[in-house]
There are 2 protein chains.
Amino acid sequence: MPLWVYDRLMARAATTSDVFNAIAEPQRREILVLLRAGERPVTELAQELGMTQPGASKHLRVLREVGLVRDRKAGKQRLYGLDARGLRPVHEWAGGFERFWNESFDRLDAYVQDLKAGKAGKE
Amino acid sequence: MPLWVYDRLMARAATTSDVFNAIAEPQRREILVLLRAGERPVTELAQELGMTQPGASKHLRVLREVGLVRDRKAGKQRLYGLDARGLRPVHEWAGGFERFWNESFDRLDAYVQDLKAGKAGKE
DNA sequence: TTGACGCATGCCGTTATGGGTATATGATCG
DNA sequence: CGATCATATACCCATAACGGCATGCGTCAA
């Protein structure tokens with residue numbers, strides 16, 4: 001749909017195009033958490049999250065389009081289930097920074113040395 | 001700044017208020033990756049990412065406001081360095097789904113059983 | 001078939017976002 | 001001080017994002 005045929009202006013990449021963008025929304029993250037407990041129909045999710053049914057549907061659509069959830073028709077309702085495989089890249093990407101938040105750098109740069117020397121490791 | 005005192009309309013939480021939102025932007029993720037190699041001045045980052053200096057500055061601002069980078073004055077320039085601690089929650093959040101993408105559920109719901117039975121584990 | 005239910009979509013309104021260009025601010029140097 | 005480099009900001013523009021409401025559509029029950 002968004003063909004990125006802009007002249008010079010562009011806003012943001014569509015949230016439906018990237019898992020990182022999809023999970024940028026707190027409520028969508030909430031949905032994913034809820035779905036860890038199992039499938040759920042839309043209305044139930046909407047209730048649990050305190051949002052309207054259309055609201056839930058829209059978020060679910062985004063999650064579906066990036067592949068984080070799957071839907072299955074179950075009679076009158078539609079059950080949404082988790083497909084967390086798409087979260088693995090996120091986990092790995094963030095994991096790539098692990099040594100940095102542990103502050104055990106194998107390569108200290110001036111910035112860090114500054115911290116240790118000046119502030120005695122504090123903060 | 002955003003006090004969320006809307007009447008009935010609201011868009012999305014400001015990107016500067018949430019790490020998940022801050023890293024939703026591909027170029028900002030790129031910046032973080034680059035900074036793993038050490039501090040860098042703005043212009044250098046801009047070059048490496050193929051964006052304008054103001055562009056880089058804006059992204060750095062966002063990253064700074066969510067605490068993912070620190071800046072340090074170095075004479076004429078301003079060196080930006082990584083502070084990856086804020087990425088830990090992201091890593092942990094995504095990690096909370098690990099057993100799901102491994103598909104070794106301790107609690108199979110109808111959805112999953114459906115998959116295994118119907119599609120013989122395929123897909 | 002007619003309702004009622006469950007969900008998706010469409011439309012509207014407001015804000016956030018991201019990029020560009022021009023410009024203000026800061027610091028350094030001659 | 002004046003010129004210059006390094007950044008940050010201020011606008012402006014176009015568009016994506018979110019929420020609310022109304023509505024369309026498929027399904028199931030009476």
Side-chain angles (χ1 to χ4, degrees), chain A residues 1-18 20-31 39-66 69-81, chain B residues 1-18 20-31 39-47 49-66 69-80:
Chain A
M1 186 80 64
L3 267 182
W4 302 123
V5 191
Y6 293 177
D7 278 334
R8 322 157 24 222
L9 298 171
M10 155 166 57
R12 80 168 356 185
T15 132
T16 72
S17 63
D18 174 20
F20 282 91
N21 222 323
I23 64 171
E25 235 290 324
Q27 302 207 281
R28 283 197 287 264
R29 289 200 296 277
E30 274 301 309
I31 289 179
E39 290 183 309
R40 276 203 182 58
V42 178
T43 306
E44 197 176 312
L45 286 170
Q47 282 190 338
E48 298 182 283
L49 293 174
M51 56 173 123
T52 62
Q53 173 269 310
S57 274
K58 287 176 193 171
H59 283 309
L60 286 167
R61 180 159 140 92
V62 173
L63 293 173
R64 193 188 336 131
E65 292 189 30
V66 297
V69 300
R70 295 292 176 90
D71 63 301
R72 175 169 75 87
K73 289 184 52 174
K76 210 185 302 188
Q77 38 188 24
R78 181 170 290 268
L79 298 182
Y80 277 88
Chain B
M1 184 77 67
L3 266 183
W4 302 125
V5 190
Y6 292 179
D7 280 333
R8 323 162 16 227
L9 299 170
M10 156 170 54
R12 92 174 341 189
T15 136
T16 71
S17 63
D18 174 22
F20 282 90
N21 222 324
I23 63 171
E25 235 290 323
Q27 302 207 279
R28 283 197 287 264
R29 288 201 297 278
E30 274 301 309
I31 289 178
E39 291 182 307
R40 276 203 182 59
V42 177
T43 306
E44 197 176 312
L45 285 170
Q47 281 190 339
L49 293 173
M51 57 173 125
T52 62
Q53 172 268 311
S57 274
K58 287 178 198 168
H59 282 309
L60 286 167
R61 180 157 138 96
V62 174
L63 293 172
R64 193 188 337 134
E65 291 188 31
V66 297
V69 301
R70 296 292 177 89
D71 63 302
R72 176 169 75 87
K73 290 183 52 176
K76 209 185 302 188
Q77 38 187 25
R78 181 171 291 268
L79 297 182
Y80 278 87

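In what follows, chains carry the letters A, B, and so on, assigned in the order in which the sequence lines appear, proteins first and then strands, with residues in each chain numbered from 1. In what follows, every heavy atom counts, from backbone to side chain, and hydrogens, waters and symmetry copies are set aside.
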Using a 4.5 Å cut-off on heavy atoms from C-beta on, say whether the side chain of A:Met51 contacts that of A:Ile31.
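Side-chain contact under 4.5 Å: yes.
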
For nucleotides 1-3 of chain C, print each protein N/O atom paired with a nucleotide N/O atom at under 3.5 Å, atom names and distance only.
none

Whole angstrom value for the distance that separates [atom2] of [N] from [atom1] of [X]:
X	N	atom1	atom2	answer
A:Glu65	D:dA16	CD	C1'	13 Å
A:Glu25	D:dA16	CD	P	17 Å
A:His59	D:dC18	NE2	C1'	7 Å
B:Ile23	C:dG18	CD1	P	13 Å

Heavy-atom closest contact ([X] atom, [Y] atom, distance):
X	Y	answer
A:Glu39	A:Leu79	OE1-CD1, 3.7 Å
B:Asp18	A:Ala24	OD2-O, 3.8 Å
A:Arg28	A:Asn21	NH2-O, 3.6 Å
A:Ala56	A:Val42	CB-CG1, 4.1 Å
A:Ile23	A:Arg29	O-NH1, 2.6 Å
B:Thr52	B:Ala46	O-CB, 3.8 Å

Heteroatom pairs (N/O) under 3.5 angstrom, protein to nucleotides 3-9 of chain D:
residue : atom : partner : partner atom : Å
D:dA6   : O4'  : B:Lys76 : O            : 3.4
D:dT7   : OP1  : B:Val42 : N            : 3.3
D:dT7   : OP1  : B:Arg78 : N            : 3.2
D:dT7   : OP2  : B:Thr43 : N            : 3.0
D:dT7   : OP2  : B:Thr43 : OG1          : 2.4
D:dA8   : OP1  : B:Tyr80 : OH           : 2.5
D:dA8   : OP2  : B:Ser57 : OG           : 2.4
D:dA8   : N7   : B:Gln53 : NE2          : 2.7
D:dA8   : N6   : B:Gln53 : OE1          : 3.4

Side chains of B:Gln47 and B:Thr43, donor plus acceptor under 3.5 Å
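Distance-only check fails for B:Gln47 and B:Thr43.
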
Which residue, A:Thr52 or A:Ala74, contacts DNA chain D at a nucleotide closer to its 5' end, judged by nearest heavy atom?
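Here A:Thr52 is the residue nearer the 5' end.
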
